[in-house]
Amino acid sequence: MITIADRLAAAQQRIEQAAQKCARQTKDIQLLAVSKTKPISQIIEAYEAGQRTFGENYVQEGVQKVTELKSRYPDIEWHFIGPLQSNKSRLVAENFDWMHTISRDKIAQRLHEQRPAQMPPLNVCIQINISEENSKSGIDADGMLALAESIAALPNLTLRGLMAIPTDTDDIAQQSREFAALKACYDLLKDRYPKVDTLSMGMSGDLEQAIANGSTMVRIGSAIFGAREYKA
Ligand SMILES: *Cc1c(COP(=O)(O)O)cnc(C)c1O
């Protein structure tokens, strides 16, 4: 039987090979295990295989997992990577270590105000939409710097970088164009904000391309936990 530990090792190996191919160091690319829709038992299995960072998409589900696991596994770092409605921002501010999908000033302000004083600043990424589909969430490249400036003024948030979900396509050329555009945005941001060190892009299907284009954090779900079953 193929275990989660086997799949994690295989994903790590893909990262290592992709890094080697473009003369990057494996240690500069973090693997975020995306555990959305998966039971707590599988998170523990991944933890026992050495995984310490987990990404969740749905607020309620994520908070439930954090609440259940945080006293027994205090060294897990929790990342919120899903769309967030402003009326649920408090739950993210109070439970997560990272938030990847800020694309509006209003959400940034709320997260700052709602971050509990005894917790370290919330690490945040701006979600950029460079995809050629209009349906994706995220701010466009032009709005990025203005949003970065307002986040930088909020002491309870630390701006760590950019996140993106490129177009889901088999067209390698388009994929490359999108990843390269993201990398250019990232370089611009990194130039202005010294704490920026994270380019969150790449998933199970495209991590090699993402790494070739400078990704520092790949978000891997199905390659580790298997396919997801969605409730309609
Ligand atoms: C589900 C999800 C992932 C993981 O996708 P896989 O293709 O299963 O690796 C990564 N990022 C985001 C934002 C997701 O929603």
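Read the numbers this way: they start at 1 and go in the same order the structure lists the ligands and their atoms. Below, each value reflects all heavy atoms present in this structure, side chains not excepted, and no hydrogens, waters or symmetry copies.
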- For A210, does its backbone N or O pair with a side-chain atom of S215 as donor and acceptor, under 3.5 Å? no
- Residue part near ligand 1, for E56, under 4.0 Å between non-hydrogen atoms: neither
- Task: Give a yes-or-no answer on whether the side chains of T53 and Q51 include a donor-acceptor pair shorter than 3.5 Å.
- Result: yes
- Message: With heavy-atom distances below 4.0 Å as the criterion, list the atoms of ligand 1 near R219.
- Response: 4 (C), 9 (O), 10 (C), 11 (N), 12 (C), 13 (C)
- Which atoms from ligand 1 have a heavy atom of I220 less than 4.0 Å away? 9 (O)
- Please could you name the atoms of ligand 1 that I165 approaches to less than 4.0 Å, counting only its heavy atoms? 13 (C)
- Pair R14 + E208: basic N to acidic O under 4.0 Å: yes
- Message: Counting only heavy atoms closer than 4.0 Å, does ligand 1 sit against the backbone of H100, its side chain, both, or neither?
- Response: neither
- Message: Using a 4.0 Å cut-off to any heavy atom of G221, which atoms of ligand 1 qualify?
- Response: 4 (C), 6 (P), 8 (O), 9 (O)
- Side-chain donor-acceptor pair under 3.5 Å between R219 and S200, yes or no? yes
- Are Q175 and T167 close enough that a side-chain donor and a side-chain acceptor fall under 3.5 Å? no
- Please indicate whether any nitrogen or oxygen in A223 is less than 3.5 Å from any nitrogen or oxygen in ligand 1. no
- Item | Identified side chain to side chain contact (heavy atoms under 4.5 Å, CB included) partner of L122 from the options H112, M99, E94 | M99
- Task: Name the option, out of M201, M163, R228, that contains the heavy atom nearest to atom 5 (O) of ligand 1.
- Result: R228
- Message: Heavy-atom distances under 4.0 Å decide this one: backbone, side chain, both or neither, for I81 against ligand 1?
- Response: both
- For L199, does its backbone N or O pair with a side-chain atom of T216 as donor and acceptor, under 3.5 Å? yes
